[in-house]
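Remarks on the structure that follows.
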Amino acid sequence: MAYQLYRNTTLGNSLQESLDELIQSQQITPQLALQVLLQFDKAINSALAQRVRNRVNFRGSLNTYRFCDNVWTFVLNDVEFREVTELVKVDKVKIVACDGKSKYGIGYK
Amino acid sequence: MERRAEAPPPQGLDFTVENVEKALHQLYYDPNIENKNLAQKWLMQAQVSPQAWHFSWLLLNMDKVPEIQYFGASALHIKISRYWNDIPADQYESLKSQLFTHITRFASGSKIVLTRLCVALASLALSMMPEAWPCAVADMVRMFQAEDSNVDGRARCLALLELLTVLPEEFQTSRLPQYRKGQDPELFDTAVEAVVNAISQPDAQRYVNTLLKLIPPVLGLQEQLRQAVQSGDMETSHGICRIAVALGENHSRALLDQVEHWQSFLALVNMIMFCTGIPGHYPVNETTSSLTLTFWYTLQDDILSFEPDKQAVYQQVYRPVYFQLVDVLLHKAQFPSDEEYGFWSSDEKEQFRIYRVDISDTLMYVYEMLGAELLSSLYDKLGRLLTNTEQPSTWQHTEALLYGFQSIAETIDVNYSDVVPGLIGLIPRISISNVQLADTVMFTIGALSEWLADHPVMINNVLPLVLQALGNPELSISSVSTLKKICRECKYDLPPYAANIVAVSQEVLMKQIHKTSQCMWLMQALGFLLSALQVEEILKNLHSLITPYIQQLEKLADETPNPSNKLAIIHILGLLSNLFTTLDISHHDDDHESTEVKKQPVQQGPNPVVVVLQQVFQLIQKVLSKWLNDAQVVESVCAIFEKSVKTLLDDFAPMVPQLCEMLGQMYSTIPQASAIDLTRQLVHIFAHEPAHFPPIKALFLLVTSVTLTLFQQGPRDHPDIVDSFMQLLAQALKRKPDLFLCSNLDVKAVFQCGVLSLKFPEAPTVKASCGFFTELLPRCGEIAPVGQVVHENGKVLLQAVLEGVGGQASRSLMDHFAEILFALNKHCFSYLSVWIKEAMQQDGFPSARVSPEQKETFSQQILSRERVNKRRVKEMVKEFTLLCRGLHGTEYTADY
């Protein structure tokens, strides 16, 4: 089972919206919608692992850190993101990180 | 055990268990060599006799001594391997399962017997495959993974390993007819898979002794690995590497802890090093080296996690290993010959680029452990390479070393390294014969820009190189991004060079050497550069920089609009925007302490950007008047002012009246979202500046009234305008609520538009509308017209909110709707209590799926004591929305 944390992204939310509509109009069942979401989890986890290879460096001040259920959550302030072409500064960043090596990754929010 | 010699069994004696045992005893213990020989002859006949099928099993009984058991196993093996045809096909399964049973029993018993039984099973498998037992290896693995077995896991693991070890040997030595032998790569793959899985099982880390025992057989695969590498057999080298890495990566901590076995583990580490350095280029000649990279992180982490005493010992052993690793990685990172590279597909080139980034990441990590010594080492190597006149170096070699520097310098604070000055001194000595090398030189300089800011005396060693590179279109990205970094980090030390940088930049812009994006970055770089100069200098440079573009724009403004001059106009406007984004003389973005000393005193007089904007304002208006219909051009115009306002903030004040007038005219003619966004910014920045606010107030009222008209005509075609408008209203309420006291503002109409906007299908629009109401409702008390409108029309708002919750709006927006309910609760509680009762009375509202009881429950919850807890209100809304949508209790929405 792949990580579910990408469901709350623009892409994930758009997919859920569409699925909701199809359920409302009774064109699909909630069970089928769930299968679609699980497939989405697999696809996006795989795509991000295999097909995205740009590197961005960032640094900032650590506000809070938390490690629970094998998930790290960080909140950083005054963060600078540096990529080859861009420098972006933001006041606050929240990072949710799951173990990339875990074969037994279970979905966490 | 001594016994009196007994007479040997005569020929023809029955091959019974008892006789066999007697003969075995005679073989092992009879002092008379003649008797031994006789016994041996007899036993050999016994082994091949038909009775062997019977007595072998009996000899394997647990009460027998190992020599006897061994003979039984051996006999079985011989029968299976040489007398396969004796066995009727319907006996295969029984034979198989009996062997399995015995193997599991002997997993914790005598090893020699176990081995022989495994060999027997292997022989069985080879004879039965592929027809009678197609998935033998998989079956074997599964058999030993069986969790319900009463044999312990470690023993099972050992047994399986033994089986898989002998399988290939048996294959080699078996007497299978030639046609049955032959390539079976699938078998190899499955075997690798099985071993890797077994090693990688989370449980395996408990069996440290077993893991230690695994190292020698794994090391034993090195010869095969070497041969595979030599013959170019990528599959085999890949598979063996996977096994070594699986053992090393999964269990490095446990194995490192076994201090007495440090040599053994070191041998494994060196085997993995061999894999990292596999000859050939990734990904064309080999795909194995990349498998090893994460192992090096893991090993480093484990070494560095030890307490200082233990760590010191391991550092002694492994620091040299990691230095070697750096050499290996830099070698692997080298580009191939130009000719060879030319033959690579674009996919292969991209994979190689990614591979180099992975190497870069690894080097960065390794720097944590090796520290400054690593930089010194790289520097020495580079120095020797560049000063060695006897053996000219290849550009690939130089580039790889520089790449190593770049990887480390990019993220590590190298301020305290003493090799950087030397490195910078070496850079001009590099003969830049090649685009890749040039790019890497540029990026290395860029990576050192922060260092240069602290050591400005060295800037001039590298700046000429960067400026020269600017003229080369092949180096566009690397040269422009490097210049930008230098201008950003070192701006206070660049005034002596400013004129030159501007001149070179102008030249390359005129010659159109760079693509649009890079032109924009270049302008941003110049913005940084100019912001550190004195005002007169800024104006002078701006003038020379911008004049050609102003002239172009004047010409274009006179022409009839067409696609090609549109592009040109947008390009010029873009250049100006980007320049103004970074041209900030108040320096409120700087956070370096060291720059405090270098800052000029606060400038008096108008901001140079404002001066320029005022000069070009009329021209921009002219352009606008011709292009009012074109959303992109309007956006570009607004972008100039938007970027300027963001950078200048209060300094923009002198331009406010002109801009408001222009925006008002623009919006009255053709409403567009970008104009509203700019209005919103002005409201935000000047809300508390009474001197400057009146034109903004007038603009706000105008925009509102025009937009209200739009709503009457049909807003559905303009979700972006509605979105921006709602955001403008929210901003006004936040920063300047007394705008809503204006008699010119029809608060009721605005309210009704907001309600309509809640029903748009576009999520950003709905979100903005929710935001508007969330800002509006708290003002009920302080702004009388707002209070009045809310009390008179609030029920309609509530209905719209409930409609959305009931299923009309996207589920992802429910938190925003909940905020409205929360605000209604807080600021209009008594009204809400009435409205919600009335609304819920309607049959089938807000959804046919909820019962009257469920609606009642929800209403009560909303009005209950929990209404002051925003998180709870959101939860209530979410639960109710699931009920309304028929999704409550489904696994699909379990995490909602």
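Fair warning: this is a prediction, and the values are worked out from it, not measured in the lab. Just so we're on the same page: letters track the sequence lines, and every chain starts at 1.
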Distance (rounded to the nearest 0.5 Å) between [X] [atom1] and [Y] [atom2]:
X	Y	atom1	atom2	value
A/Q16	B/R811	CD	CZ	5.5 Å
A/R7	B/D895	CZ	CG	6.5 Å
A/I23	B/T890	CD1	OG1	6.5 Å
A/N8	B/S812	CG	OG	8.5 Å
A/L19	B/L887	CG	CG	10.5 Å

If you count heavy atoms of other groups shown closer than 6.0 angstrom to [atom1] of [X], is the number above 12?
X	atom1	value
A/E21	CD	no
B/K349	NZ	yes
B/E350	CD	yes
A/F81	CZ	yes

Identify the heavy atoms of A/L37 and B/Y892 that sit nearest to each other, and give their distance.
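Closest approach of A/L37 to B/Y892, heavy atoms only: CD1-CE1, 3.5 Å.
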For B/R885 and A/E17, what are the C-alpha separation, side-chain angles and deciding distance, and is it a salt bridge (Lys or Arg N to Asp or Glu O under 4.0 Å)?
CA-CA 12 Å; B/R885 296 167 199 253; A/E17 251 181 78; over 6 Å; no
Among B/G886, B/S517, B/S481, B/S810, residue most engaged with chain A (heavy-atom pairs, under 4.5 Å):
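The answer is B/S810.
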Report which part of B/S360 has an atom under 4.5 Å of a heavy atom belonging to chain A: side chain, backbone, both, or neither.
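Its backbone and side chain both get close to chain A.
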Given a strict heavy-atom distance threshold of 4.5 Å, which part of B/D358 is in contact with chain A: side chain, backbone, both, or neither?
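Answer is side chain: those atoms of B/D358 sit under 4.5 Å from chain A.
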Take B/R849 and A/Q24, measure what side chain to side chain contact (heavy atoms under 4.5 Å, CB included) needs, and give me the verdict at the end.
CA-CA 11 Å; B/R849 289 190 175 98; A/Q24 299 269 56; 3.0 Å; yes
Chain B contact via A/D20 - which portion, at a heavy-atom distance below 4.5 Å
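A/D20 touches chain B through backbone and side-chain heavy atoms alike.
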Hey, are A/R59 and B/E450 close enough for a salt bridge, meaning a charged N less than 4.0 Å from a carboxylate O?
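Yes.
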